[in-house]
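To keep things clear, I will list the structure first and then write my remarks on it.
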Amino acid sequence: EPVAACVEAKKETSGFYTNYLGHNVASSSMCIPSLNWTLLVEYETNAALAPAYEMRGQAMETGAIVAGLIALFFVFFNSIVQRIKTLSSAAVAVSHGEPDVAVPVKSNDEIGCLADAFNTMASEIKQRDMTLRAANERLDTAQKAAHIGSWDWNVPEGTVWWSDESYNIFGVDPAKFTPTYESFFSMVHPDEREEFKKLVDDALASEGGFSLDFRIVTPDECVRTVHGQGKVIFGPGGTPVRMIGTMQDVTEREAERHELKKLSAAIEQSVNVIFITDVDGVIEYVNPMFERVTGYSGEDAVGQTPRIL
């Protein structure tokens with residue numbers, strides 16, 4: 001065919017065909033009209049395409065390897081990475097205060113052991129959280145019953161934490177009032193601010209504490225008496241880092257004490273003979289008029305019975 005094309009049509013050819021020997025060959029021809037020649041190069045098809053066949057085989061092997069690697073990746077992802085992500089998500093939940101989580105334990109390998117240990121830890125954290133909440137609830141109940149509030153002042157940062165009863169004592173709404181030393185100090189009665197400030201400053205400077213009764217003025221202009229106690233916690237170098245303490249509303253106690261003082265003064269100054277005995281009739285107290293009328297001193301009368309009269 002290539003020879004006929006060159007002789008008859010002066011056309012050069014290239015391609016695949018079956019030659020006169022009946023072999024499938026790849027050929028390319030060149031016409032030389034001046035010599036009436038045809039240069040023809042033939043190469044058996046199998047030999048010509050052998051590199052391509054070899055490359056195709058290698059490509060198929062490579063593809064099989066790549067497919068295997070991809071399959072291994074998905075197996076690794078599902079068995080390792082995905083389980084680690086599940087553990088990570090559960091750990092984040094616990095760190096955000098949600099200990100009621102559990103990770104599926106799907107195997108006995110290292111990750112399975114880690115998941116089991118994590119579940120145990122989460123369960124213990126949940127139990128401790130429940131115990132702490134119950135303790136805080138009991139503490140809140142006790143503080144409300146005793147009208148005692150607690151507080152914690154971060155001195156360097158200037159932030160203050162109050163318990164619920166502290167807000168109740170000062171008559172402020174936790175949702176609207178932010179406790180700071182300045183906001184607290186502004187509610188101390190003006191007549192007692194200087195003494196209070198001196199006690200706090202001395203405690204901060206001398207690694208000590210303070211304890212005193214002082215008056216406060218609530219936002220609704222109610223005057224209350226509060227017993228406050230504080231202790232300073234110092235960091236390295238003697239720098240105050242925290243002050244913690246309590247405050248108790250003792251308004252009613254102070255009122256009762258005041259009334260008792262008035263009653264005591266009235267008895268002391270009474271023109272009547274007054275003596276007080278216990279349940280067994282033993283004299284525990286006599287007023288000055290008793291001494292003047294009976295002639296018995298208080299020291300002589302106390303411990304006796306009224307039969308001495």
Side-chain angles (χ1 to χ4, degrees), residues 134-153 160-204 206 208-233 242-270 272 274-280 282-290 298 302:
N136 285 336
E137 289 174 358
R138 290 193 293 269
L139 177 61
D140 287 342
T141 300
Q143 287 190 341
K144 289 179 181 178
H147 299 294
I148 297 176
S150 52
W151 50 271
D152 190 335
W153 176 23
V160 177
W161 172 86
W162 276 6
S163 67
D164 290 343
E165 188 59 21
S166 296
Y167 290 96
N168 293 333
I169 292 173
F170 280 79
V172 292
D173 185 351
K176 299 179 181 179
F177 179 82
T178 301
T180 62
Y181 176 75
E182 290 73 20
S183 61
F184 160 78
F185 188 73
S186 68
M187 287 190 284
V188 175
H189 194 284
D191 294 343
E192 299 176 1
R193 289 178 183 172
E194 183 177 350
E195 179 185 5
F196 183 85
K197 184 176 186 303
K198 183 177 185 305
L199 285 174
V200 173
D201 290 345
D202 289 346
L204 291 172
S206 61
F210 67 87
S211 176
L212 81 159
D213 291 346
F214 59 97
R215 290 173 295 169
I216 62 171
V217 182
T218 64
D220 58 0
E221 299 184 351
C222 176
V223 178
R224 295 177 180 172
T225 302
V226 174
H227 176 72
Q229 295 186 100
K231 176 183 178 181
V232 184
I233 298 175
R242 288 173 62 204
M243 180 181 283
I244 58 176
T246 60
M247 44 192 169
Q248 181 179 17
D249 185 351
V250 294
T251 305
E252 293 183 3
R253 187 189 73 184
E254 287 301 304
E256 292 171 357
R257 181 182 297 176
H258 181 67
E259 292 298 319
L260 183 60
K261 284 183 178 180
K262 290 198 300 183
L263 177 60
S264 177
I267 292 175
E268 289 285 315
Q269 299 170 14
S270 176
N272 297 312
I274 299 175
F275 62 92
I276 300 174
T277 69
D278 62 16
V279 293
D280 296 322
V282 178
I283 296 174
E284 293 183 333
Y285 166 83
V286 297
N287 71 341
M289 185 57 67
F290 177 96
V302 171

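- No donor-acceptor pair closer than 3.5 Å links the side chain of Asp280 to the backbone N or O of Val282.
- When every heavy atom of Glu284 is checked against every heavy atom of Val302, the shortest pair comes out as O-CG2, 3.7 Å.
- Checked by atom type and distance alone, the side chain of Thr251 pairs as donor or acceptor with a backbone atom of Thr225 at under 3.5 Å.
- For Arg224, there are no salt bridge (charged side-chain N to carboxylate O under 4.0 Å, His left out) partners at least two apart in sequence or on another chain.
- Taking each heavy atom of Ser183 and Phe177 in turn, the nearest pair found is OG-CZ, 3.5 Å.
- Residue pairs that meet the salt bridge (charged side-chain N to carboxylate O under 4.0 Å, His left out) test with at least one member in residues 183-196, sequence neighbours left out, are Asp191-Arg215, Glu192-Arg215.
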Assess whether side-chain contact (heavy atoms from CB on, under 4.5 Å) is satisfied between Leu212 and Phe196, documenting all intermediate values.
CA-CA 8 Å; Leu212 81 159; Phe196 183 85; 4.1 Å; yes

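- Checked against salt bridge (charged side-chain N to carboxylate O under 4.0 Å, His left out), Glu268 has no partners two or more places apart in sequence or in another chain.
- A distance-only check finds no donor-acceptor pair linking the side chain of Ser211 to the backbone of Gln229 [under 3.5 Å].
- Ile148 contributes atom CD1, which lies 4.0 Å from atom CD of Gln248 (distance to the nearest 0.5 angstrom).
- Remark: Lys262 pairs with Glu259 by the side-chain hydrogen bond (donor to acceptor under 3.5 Å, both in side chains) rule, at least two apart or across chains.
- Residues passing the side-chain hydrogen bond (donor to acceptor under 3.5 Å, both in side chains) test with Ser264, sequence neighbours excluded: none.
- Qualifying salt bridge (charged side-chain N to carboxylate O under 4.0 Å, His left out) partners for Lys231, counting only residues two or more places apart in sequence or in other chains: none.
- Tyr167 pairs by the ring-ring contact (aromatic ring centres under 6.0 Å, His included) definition with Trp162, not counting sequence neighbours.
- Residues passing the side-chain hydrogen bond (donor to acceptor under 3.5 Å, both in side chains) test with Asp278, sequence neighbours excluded: none.
- A donor-acceptor pair under 3.5 Å is formed between the side chain of Asn287 and the backbone N or O of Asn272.
- Among residues two or more places apart in sequence or in another chain, the side-chain contact (heavy atoms from CB on, under 4.5 Å) test is passed with Glu256 by none.
- In this structure Lys197 satisfies the side-chain contact (heavy atoms from CB on, under 4.5 Å) test together with Tyr181, Phe185, Asp201, sequence neighbours excluded.
- For Arg242, the side-chain hydrogen bond (donor to acceptor under 3.5 Å, both in side chains) partners at least two apart in sequence or on another chain are Asp152.
- Applying the ring-ring contact (aromatic ring centres under 6.0 Å, His included) criterion to Phe275, with sequence neighbours excluded, gives Phe290.
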